[in-house]
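Please read these numbers as outputs of a predicted model, since none were measured by experiment. Chain A is the first sequence line, chain B the second, and so forth, proteins listed ahead of strands; every chain is numbered from 1.
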Protein chains: 2
Amino acid sequence: MTSDIFDFCSSMTDEQDGRARELIERAAAKWPLRILHVLSDADAPLRFSRLMERVEGISQKVLTQTLRTLERDGLVIRTLYPQVPPRVEYELTPLGRDLLMQVVSLWRWIVEHLDDFDACKAVKLTATADA
Amino acid sequence: MTSDIFDFCSSMTDEQDGRARELIERAAAKWPLRILHVLSDADAPLRFSRLMERVEGISQKVLTQTLRTLERDGLVIRTLYPQVPPRVEYELTPLGRDLLMQVVSLWRWIVEHLDDFDACKAVKLTATADA
DNA sequence: CAGAATCCTAAGAGATACTG
DNA sequence: CAGTATCTCTTAGGATTCTG
């Protein structure tokens, strides 16, 4: 069994498990990873409008929402320069950068195994009857 | 910069990127990880009704849908024994097991850093004005 | 037993218009 | 410029009923 791999699951409180699960769900949603990636690719903090351009297909509303969530989760920093017109810059936190690296290694593993995901299409769909 | 970490991103086709993204999105949704985990904990294939019991809170419809998706993605195997009444068993594929292990290591990293996610709550919200 | 079919609600996402 | 507010529409998901 691979149960040994999951030993740490038992050593985890329900609260820890729940919070980690929430973080994964939120981070793996449609937009967050793209945003984190764009921020990580930039060599400087990005303004809201630059993000809109580079995260292709996102709406202004959803970008705002997603950035707020990422900020609450401690993954991005929002810096408001109180000018007229206003200027706001977004950048990754160290934690956001670290999390992205973890996710990227998972990503890489998946890409390296894409063929396997395909190969499994020809599996048994029925079996001969026996109790 | 951490760009070196992401070198493989450039070496990836858009199609690979898209498919990996889809797989991550689907796997990180509300139920799939729970189901994979339950299947991995069991020491034998599980019937549909056993899954319903152990994946707490899931509805029959969503369990069916999610299992179909996991099957299409090559993560679980569905075996139908054509009896009356019917008997269907689900189990992880080797690929499903491997993917789960990858996700678990990400999970573990997050749990180990939960305090950091909290610590980031006290960040600067505004900055003094300067060009 | 394992699920398909149906109905329903609520959240998420897009488009548009407006504002400090 | 960087949002907020509002509206609509699609979709995910739950509850229930029915069947091979």
Side-chain angles (χ1 to χ4, degrees), chain A residues 21-22 24-35 38-39 42 44-73 76-91 124-127 129-131, chain B residues 21-22 24-35 38-39 42 44-73 76-91 124-127 129-131:
Chain A
R21 186 182 304 274
E22 284 175 24
I24 286 189
E25 265 185 48
R26 282 203 295 271
K30 191 176 181 185
W31 299 109
L33 286 181
R34 292 194 102 88
I35 295 175
V38 165
L39 286 176
L46 287 181
R47 305 184 62 157
F48 187 86
S49 39
R50 301 299 133 246
L51 273 170
M52 274 291 281
E53 291 164 8
R54 301 193 192 186
V55 182
E56 202 161 354
I58 200 170
S59 70
Q60 175 269 338
K61 180 179 123 189
V62 174
L63 178 56
T64 302
Q65 285 175 351
T66 310
L67 283 171
R68 294 283 184 276
T69 302
L70 292 173
E71 195 190 352
R72 272 201 309 278
D73 284 341
V76 308
I77 293 176
R78 175 181 185 271
T79 308
L80 163 66
Y81 298 90
Q83 308 169 345
V84 181
R87 175 168 143 234
V88 177
E89 288 185 348
Y90 294 91
E91 63 190 310
K124 61 175 172 181
L125 291 174
T126 60
D130 69 300
Chain B
R21 188 182 304 275
E22 283 174 24
I24 286 189
E25 263 184 49
R26 283 203 294 273
K30 192 175 180 186
W31 298 109
L33 286 180
R34 294 194 100 89
I35 294 176
V38 164
L39 286 176
L46 286 181
R47 306 186 62 159
F48 187 87
S49 39
R50 300 299 131 247
L51 274 170
M52 275 289 283
E53 293 165 7
R54 301 192 192 185
V55 182
E56 203 161 354
I58 201 170
S59 70
Q60 174 265 327
K61 180 179 127 188
V62 174
L63 178 56
T64 303
Q65 285 176 350
T66 309
L67 283 170
R68 292 285 184 275
T69 302
L70 292 172
E71 194 189 355
R72 273 201 310 277
D73 285 341
V76 309
I77 293 175
R78 174 181 186 272
T79 307
L80 163 66
Y81 297 90
Q83 309 169 345
V84 179
R87 175 168 143 232
V88 178
E89 288 185 347
Y90 295 91
E91 63 190 308
K124 60 176 172 181
L125 290 176
T126 61
D130 70 300

Item to check | Minimum-distance nucleotide (side-chain atoms of A/V62 versus C/dG3, D/dG3, C/dG14) | outcome: C/dG14
Item to check | Closest to the B/S59 side chain, choosing from C/dA2, D/dG14, D/dG3 | outcome: D/dG14
Checklist entry - Could you state the CE-P distance from A/M52 to D/dT4, rounded to the nearest angstrom? => result 13 Å
Next on the checklist: Using whole Å, what does the distance between atom P of nucleotide D/dG3 and atom CZ of A/R68 come to?
Outcome noted: 5 Å
Checklist entry - Between A/E25 and A/R21, does at least one N-O distance fall below 4.0 Å, as a salt bridge requires? => result no
Item to check | Distance in angstrom units between B/Y81 OH and C/dA2 C1', rounded | outcome: 15 Å
Checklist outcome for this item: Rounded to the nearest 0.5 angstrom, the CZ-CG distance for B/R54 and B/L39 is 9.5 Å
Checklist entry - Does a side-chain N or O from A/R47 land closer than 4.0 Å to OP1 or OP2 of D/dC1, or not? => result no
Next on the checklist: Less than 4.0 angstrom between a side-chain N/O of A/Y90 and OP1 or OP2 of D/dC1, yes or no?
Outcome noted: no
Item to check | Distance in Å, A/E71 CD paired with A/Y90 OH, rounded so as to fall on 0.5 Å steps | outcome: 7.0 Å
Checklist outcome for this item: To the nearest angstrom, the CZ-P distance between A/R78 and D/dA2 comes to 10 Å
Checklist entry - Which part of the nucleic acid, if any, lies within reach of A/K30 when heavy atoms closer than 4.0 Å are counted: base, sugar-phosphate only, or nothing? => result sugar-phosphate
Next on the checklist: Output the rounded distance in Å from CD (B/Q83) to C1' (C/dC1).
Outcome noted: 10 Å
Next on the checklist: I need the NZ-P distance between A/K61 and D/dC9, as an integer number of Å.
Outcome noted: 14 Å
Checklist entry - Does B/R87 pair with B/E89 as a salt bridge, N-O distance under 4.0 Å? => result yes
Item to check | Spacing between A/L63 atom CG and D/dG3 atom P, to the nearest angstrom | outcome: 8 Å
Next on the checklist: Out of the candidates B/D73, B/T69, B/T66, only one should pair with B/R26 under the side-chain hydrogen bond (donor to acceptor under 3.5 Å, both in side chains) rule; please name it.
Outcome noted: B/D73
Item to check | Minimum-distance nucleotide (side-chain atoms of A/S49 versus C/dG14, D/dC1, C/dA2) | outcome: D/dC1
Checklist entry - Where the side chain of B/W31 is defined as all heavy atoms beyond and including C-beta, which of D/dG14, C/dC1, C/dG3 is the nearest nucleotide? => result D/dG14
Checklist entry - Expressed in angstrom and rounded to an integer, what is the separation of A/Q60 atom CD from C/dT16 atom P? => result 13 Å
